[in-house]
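Structure record follows, encoded as structure tokens.
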Amino acid sequence: MGILLHIITYACLAVFVIAVGVKFHRYKSMPLHLRWELYPVAHEGHKAHYGGSFFEETEWYKKPRTVDRVSEAKHMLPEMLFLSAVWHHNKPLWFRSFPFHFGMYNMIGFLVLLNAGAVMQIAGMSVSASGGAAGAIVYYLTILSGFFGMILGIIGAAGLLHRRLFDENLKDYTKPADLFNLIFLGGSFALLLAVGIADPSFAGLRTWVASVLTLDLAYTPGGALAPMAILLASLAVAYIPLTHMAHFVVKYFTYHNIRWDDAPNLPGSAFEARIGEVLNYPVTWSADHINPKGEAKTWAQVATTDVTNLKEGA
Amino acid sequence: MGKTKKRISLNDIHKQNGQLAHVDPADLMPLPKPLNRPEKDWMPLKPEAREKYEASLDDTLILNIPKPGSKQEEQQLVRRFLNGLEKLFDKHNNWGFLQPFVATMEHCARCQTCNEACHIYEASGRNEIYRPTYRSETLRRIYQDYVKPSGKYHKQWKSGGDIPLTWTAVCRLAELAYRCNLCRRCAQTCPIGADNALVAREIRKLMSQELNIYTSELHDRGSMLQLKVGSSTGMNPEIVKDNIEFIDEDMSEKTGMNLKTVWDKKGADILLIHNAGEIMAWPENIGAFTTIFTAAGLDWTMSSEALAYDNINYGLFYDDFQYSRVVLKHAAVAKELGVKRIVLGECGHATKALMVIADRVLTGDLNIPRESCFPLLRDLVKTKTLKLDPSRNNFPVTLHDPCNLTRLMGIVMPQREVLHEICPQFREMTPHGVNNYCCGGGSGFAIHSGHNFSDWRYKISGRKKVSQILGAFQDQIEPETKKYVCAPCSNCKGQIRDLIANYDLWNGAGITYGGLVELIVNAMVDVKPNFIDWDEIV
Ligand code: SF4
Ligand code: SF4
């Protein structure tokens, strides 16, 4: 039982890491795209608050370009931590989505603290109310983030599920997988909460994490609840990056590589070589005005094909 | 969030059940005074049109896809659509938009946050098919069910429902791609960074680049005509030169200045490229530029080479290659002339096309510096290069923000700085700047009037803008007070002209429209007074 649970846990962690890595790599290795920015662009410094850009200057290409990372962080942090876009544009959703996401963040913190506590335990330190300053801090923070995260997560998942089931605007746009995701994640939070109620110091889970870190495969957490919770939570960790919930990875690209990607192609810039590469990609679009004779052509060749002799409708 | 009145499901798109959606004029978003009255009924789509073309989406028609002659034709269209859909996800065929497109198709949370940002959805009384998500989710499900390798195995689970891919579904989806202004206001509100405007554009592109399906206004009489004769207005170089000569004479008389357009000057500082539609419809805009550039003593020229006197680039709205062909020509002419920079006249889509989208197409000596005219105009006004008397513009003025220039390029303040300087009664619309609403003519709609499409663009896509304009002038809404909507973009100006005419806003509320340069010239002390001639407005 202990061995099986360990194997599942390692496998789920591996799936998570690989799936996130593959997703990141997939987006990262997509070819250069055309500029498709959307203002406000957060790194535009003093212009960012009203959505201005360097295009507001005459001869902008001769002037130094501002890329204000502090301003970018000022926009990004409230978005990541508090879902500011949802707050501004969809308050009813925010009251459900924020607890869910913030619950998740707390659970990440909980996991980090469980790991920290487990390492301390392995090093022979005590993680308890009377375990010295470091031990006590980790002990209390683990309890705080754990309960806070699980309760918020359950509230959020229930709220989102309710919305998916009863909001007329969403009904047609809800797939079985959406309902499953919320039930699955909400259920995982609930089971973990039950474990917490039974063992409020989370000592059992911490020992389990220590066994994972030390490859102590024989260790089995006591009772029926904890193994069930560990199993479900591990499966959830593996499942999330395989679904559209991997938007935590993709959002990096949609913001930094698309919405805010206003890097100009100044003469002699590194873009020139990349553009040269994509313009040589083969094209198979088959409309009459794209490739009238159906020859094998590159993007650049199609763009320079003379189509002025084609008759109307082509 | 508002409730949708018509319950049309995503799955309904494939059903051959007559017209999928209808907007009852009583459901349309109410308008402020003096238009706070019931809306007129639709101008009906003629039965012959319904007979001849696939016109089963809503109350209007833009694409004119002929009804199929046989089952084979139907199947062929579906097959080619799927081929095209695969190409949208292929790095070679769609490098230009692959990353934003895949991110949108795979990670939209279907939370519907974006819907309320869309003026078309809101103005229609929240008709189900005009949700920004309706077309995207339809395409997403088709992709997941028919193209994605895993789709076949867990259709129901992942996509939430099979949409049988019929000829009707493809044609309705294509038509629906032309019920979006591509203004990207919805994208601005998306917490994930998904972009439903891009999906609409990619559907248009697929239909054009794979199936030869586009609107005649954008393609045959648009980009193709431009490539063939030099301008989508149909003007060849000789006609353009004649027309500009006539404008120079007329404007010299009107301004009291000696105006002469400079042609094909090698090595000039500025190559000015107008939207050639201005030459035909608003010659005073062309004349105002000539007046300002002459008075400021700028070293500028226009080009009489085919294409280089017309900055229009309709490919931006529907076809990557048509778009590229035009920018390549613009850049080649600038290179040939050896100018230091290209300055784009008052045209939003053209400015974005040549400055932003072309940025990753033009390399080497084709990569000529390019600027919008607004910063240049702002500098001329702020540095007092032009002598201006703001009291000549002492009437209420509001500003329309062209989406392409503001939300999509971040050019927000220069035009405002000019207006604050020269228009004592300038007031903003709500909202404005990067949060503006599209005029309803965006993505080329302003040049589409076939069948009853103009009725749709007045009643639905332009409705929010009418509401905003009236809102900005509510304190002086009586027709006796003459008011000016500054619409510094050719496409938006055409739409606002049509909205004013359709709702009779000149007679009913004293509202007219024009560009930014006309207001500048109207305030120039060296120019005869009344460049903006209220008596000429009918
Ligand atoms: S595009 Fe964005 S805002 Fe709209 S439904 Fe999808 S995730 Fe939500
Ligand atoms: S791009 Fe504009 S018109 Fe199109 S769906 Fe979005 S908000 Fe509506």
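A, B, ... follow the sequence lines: proteins, then strands. Residue 1 opens every chain. Bear in mind that the values here come from a model prediction, so they are computed numbers and not experimental data.
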inquiry  = Run the side chain to side chain contact (heavy atoms under 4.5 Å, CB included) test on B:Thr363 and A:Phe271 for me, step by step, so that the C-alpha distance in whole Å, both residues' side-chain angles and the decisive distance to 0.1 Å come before the verdict.
reply    = CA-CA 9 Å; B:Thr363 54; A:Phe271 280 115; over 6 Å; no

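- If you measure heavy-atom distances from A:Leu93 to chain B, the contacts under 4.5 Å come from the side chain alone.
- For B:Gln99 (side chain) and A:Ile258 (main-chain N/O), no donor-acceptor pair under 3.5 Å exists by modelled atom type.
- Put simply, the side chain of A:Asp172 gets close to the backbone of B:Leu10: a donor and an acceptor are under 3.5 Å apart.
- Note: B:Arg184 leads B:Glu371, B:Lys329, B:Arg184 in heavy-atom pairs under 4.5 Å with chain A.
- In this structure, chain B has heavy atoms under 4.5 Å from both the backbone and the side chain of A:Tyr27.
- Checking side-chain atoms of A:Glu272 against main-chain N and O of B:Gly364 turns up a donor-acceptor pair under 3.5 Å.
- When each of B:Ala358, B:Ser208, B:Ala194, B:Ser372 is checked for heavy-atom pairs under 4.5 Å with chain A, B:Ser208 comes out on top.
- The minimum heavy-atom distance linking A:Thr58 with B:Pro375 is given by the pair CG2-C, 3.6 Å.
- B:Glu106 and A:Arg26 are joined by a salt bridge, as a carboxylate oxygen and a charged side-chain nitrogen come within less than 4.0 angstrom of each other.
- Not less than 6.0 angstrom separates the ring centroid of A:Phe253 from the ring centroid of B:His107.
- Judged purely by atom type and a 3.5 angstrom limit, B:Asn367 uses its side chain to pair as donor or acceptor with the backbone of A:Asn265.
- Contacts of A:Phe55 with chain B are made by both backbone and side-chain atoms, with heavy-atom separations under 4.5 Å.
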task = Test A:Val307 against B:Phe321 for side chain to side chain contact (heavy atoms under 4.5 Å, CB included), laying out the working first.
result = CA-CA 11 Å; A:Val307 288; B:Phe321 294 99; over 6 Å; no

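- In this pair, B:Phe97 and A:Trp36 present their aromatic rings perpendicular. The plane angle is above 60°, beyond the 30 to 60° band.
- Looking at A:Asn280, neither its backbone nor its side chain comes within 4.5 Å of chain B, counting heavy atoms on both sides.
- A donor-acceptor pair under 3.5 Å is absent between the side-chain atoms of A:Arg35 and the main chain of B:Ile357, judged by distance alone.
- For the set B:Asn83, B:Leu211, B:Leu198, the entry with the most heavy-atom pairs within less than 4.5 Å of chain A is B:Leu198.
- No more than 12 heavy atoms of other residues, nucleotides or ligands lie within 6.0 Å of NZ in A:Lys293, so this atom counts as exposed by the packing criterion.
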query = Under the side chain to side chain contact (heavy atoms under 4.5 Å, CB included) criterion, do A:Met30 and B:Phe101 qualify, and how do the steps go?
reply = CA-CA 11 Å; A:Met30 281 184 186; B:Phe101 184 60; over 6 Å; no

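- Remark: side-chain polar atoms of B:Arg7 are paired, donor with acceptor, to backbone N or O of A:Glu168 under 3.5 angstrom.
- Judged by distance alone, the side chain of A:Thr254 and the main-chain N or O of B:Ile192 form a donor-acceptor pair under 3.5 Å.
- Heavy atoms from other residues, nucleotides or ligands lying under 6.0 Å from CE of A:Met245 number more than 12.
- Residue contact with chain A, scored on non-hydrogen atoms closer than 4.5 Å, involves the backbone and the side chain of B:Cys190 alike.
- A donor-acceptor pair under 3.5 Å links the side-chain atoms of B:Lys87 to the main chain of A:Thr284, judged by distance alone.
- A donor-acceptor contact under 3.5 angstrom links the side chains of B:Glu210 and A:Ser286, judged on distance only.
- In this structure, B:Arg360 pairs ionically with A:Asp261, as a charged nitrogen and a carboxylate oxygen lie closer than 4.0 Å.
- Both the backbone and the side chain of A:Val278 come within less than 4.5 Å of a heavy atom in chain B.
- Side chain of A:Arg163 to backbone of B:Cys111: a donor-acceptor contact under 3.5 angstrom is found.
- If you run side chain to side chain contact (heavy atoms under 4.5 Å, CB included) between B:Arg325 and each of A:Thr304, A:Thr305, A:Thr308, only A:Thr305 comes through.
- For the set B:Leu227, B:Leu328, B:Asp379, B:Val102, the entry with the most heavy-atom pairs within less than 4.5 Å of chain A is B:Val102.
- Remark: side-chain polar atoms of B:Gln188 are paired, donor with acceptor, to backbone N or O of A:Tyr39 under 3.5 angstrom.
- The contact between A:Tyr255 and chain B is made entirely by side chain atoms (from C-beta outward), counting heavy-atom distances below 4.5 Å.
- Contacts between A:Leu266 and chain B at a heavy-atom distance below 4.5 Å involve the backbone alone (N, CA, C, O).
- For B:Arg126 and A:Asn169, the side-chain atoms include no donor-acceptor pair closer than 3.5 Å.
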